[in-house]
Peer 1: 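Structure incoming, see below.
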Amino acid sequence: GGGSAPDGTFRYGVFAHNASGMPAMLELSFEGADGARSLLLPPHSLLSASRLVPPQGISFFPPPPDAPLRPPRECRLPPAVLLRSRAHGTFLAAHGQDASLVYQSEIPEGGQPGTWEVWRPVETSPRAWRLLSVHGTLLGVNADRQLVQLDGSNALAALELTIFFFDDGSVGLCGDLGNVHMPARKRLGAGWGLPRLRQCAFGAWEALEAIPAHI
């Protein structure tokens, strides 16, 4: 896709996702361009790029031999994952005694996350995931946009989240009603705010570290 600016400059964007378990070849060519560019997409990889193009058109040039290459990142979550807030160091957790509560779990220094902090991602379509807790509940959202646990049989009501990967290695999770947001403490000494969906740009409070869990 793309769009033109008043001065004739054109921005084009490319988005491609190889959801298969095999490498795939992507060939890019544009009307008026010199030649084409072929790209190898590794299994389960995602390509997202854009470029400004001057009015005179597009030309493809091979990169210099010493040009740094950014390694591809697989658009996947581990089979079992801990989701830790980049801003607070707290974990997204499903309470094991309150059947509906999703909260921020703060692990004491030297401690280790338990099973309540572990989620099992279920891929429903490319880049879209449901989160299943170890209790067998699914991550959902209520009318106040607060994250809650739903009965595992209620898959149609479960929250489907689109995953975004950031350059610092963290991820963002976006639902229909906003991004997963990990609020700060309401006041000094109080507990952490309950996770919710918030309509906002991704920032530190929406950035999560996806850490493989071994259970």
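Source: prediction; values computed, not measured.
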Peer 1: Which pairs of donor and acceptor atoms, one on a side chain in residues 150-164, lie under 3.5 Å apart (sequence neighbours left out)?
Peer 2:
unit_1 : atom_1 : unit_2 : atom_2 : d
Asp151 : OD1    : Ser153 : N      : 2.9
Asp151 : OD1    : Ser153 : OG     : 2.4
Glu160 : OE2    : Thr124 : OG1    : 3.4
Glu160 : OE2    : Arg130 : NH2    : 3.1

Peer 1: Please tell me whether Leu138 and Leu92 are part of a single hydrophobic cluster in this structure, the criterion being side-chain heavy atoms less than 4.5 Å apart.
Peer 2: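 No, Leu138 and Leu92 fall in different hydrophobic clusters.
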Peer 1: For Trp116, which fellow cluster members are found when Ile, Leu, Val, Met, Phe, Trp and Tyr are connected by side-chain heavy-atom distances below 4.5 angstrom, either directly or through intermediates?
Peer 2: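 Besides Trp116, the cluster holds Leu101, Tyr103, Leu194.
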Peer 1: Mind checking the CD-CG spacing from Gln199 to Asp176? Nearest 0.5 Å is all I need.
Peer 2: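 Reported to 0.5 Å precision, the distance equals 10.5 Å.
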Peer 1: Over all heavy atoms of both residues, which pair between Gly172 and Phe166 is shortest? Give the atoms and the distance, please.
Peer 2: N-CE1, 3.4 Å
Peer 1: Would a 4.5 Å heavy-atom cut-off, applied to side chains only, mark Leu83 and Phe91 as touching?
Peer 2: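 No. Closest side-chain heavy atoms not under 4.5 Å.
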Peer 1: If you measure from the Lys or Arg side-chain nitrogens to the Asp or Glu carboxylate oxygens, is any gap between Arg86 and Asp168 under 4.0 Å?
Peer 2: yes
Peer 1: Taking side chain as C-beta onward, heavy atoms only, is Asn179 less than 4.5 Å from Cys200?
Peer 2: yes
Peer 1: Do Pro183 and Gln104 make a side-chain contact, defined as non-hydrogen atoms from C-beta onward lying under 4.5 Å apart?
Peer 2: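 Yes; the side chains approach each other to less than 4.5 Å.
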Peer 1: Sub-3.5 Å donor-acceptor pair from the side chain of His135 to the main-chain atoms of Ala94, do we have one?
Peer 2: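 Pair found, side chain donor or acceptor close to backbone of Ala94.
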Peer 1: Would you name the heavy atoms of His88 and Ser85 that are closest together and state the gap between them?
Peer 2: N-OG, 3.1 Å
Peer 1: Do Leu139 and Leu147 have side chains that approach each other closer than 4.5 Å (heavy atoms only, starting at C-beta)?
Peer 2: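 Sidechains of Leu147 and Leu139: in contact.
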Peer 1: Testing the basics here: between Pro79 and Pro121, what is the closest heavy-atom pair and its distance to 0.1 Å?
Peer 2: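 It is O-CD, 3.4 Å.
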Peer 1: Is Met182 reachable from Trp119 through a run of I, L, V, M, F, W or Y residues, each pair having side-chain heavy atoms under 4.5 Å apart?
Peer 2: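 Trp119 and Met182: one cluster.
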Peer 1: Following the transitive rule for hydrophobic clusters with a side-chain heavy-atom cut-off under 4.5 Å over Ile, Leu, Val, Met, Phe, Trp and Tyr, establish whether Leu77 and Leu208 coincide in one cluster.
Peer 2: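 Yes, because Leu77 and Leu208 connect within a single hydrophobic cluster, where side-chain heavy atoms sit under 4.5 Å apart.
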Peer 1: If hydrophobic clusters are built from ILVMFWY residues whose side chains come within less than 4.5 Å, do Val81 and Phe165 share one?
Peer 2: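 Yes, Val81 connects to Phe165 through the hydrophobic network.
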Peer 1: With a 4.5 Å heavy-atom cut-off, do Ser133 and Gln149 have their side chains touching?
Peer 2: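 Answer yes - side chains close enough.
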Peer 1: List the atom pairs, donor and acceptor, that lie under 3.5 Å between side-chain atoms in residues 106-114 and the rest of the protein, sequence neighbours left out.
Peer 2:
unit_1 : atom_1 : unit_2 : atom_2 : d
Glu106 : OE1    : Arg185 : NH2    : 2.9
Glu106 : OE1    : Trp192 : NE1    : 3.0
Glu106 : OE2    : Arg185 : NH2    : 3.3

Peer 1: Would a hydrophobic clustering, with Ile, Leu, Val, Met, Phe, Trp and Tyr connected at side-chain separations under 4.5 Å, put Leu177 with Val148?
Peer 2: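 Unlinked, Leu177 and Val148 end up in two clusters.
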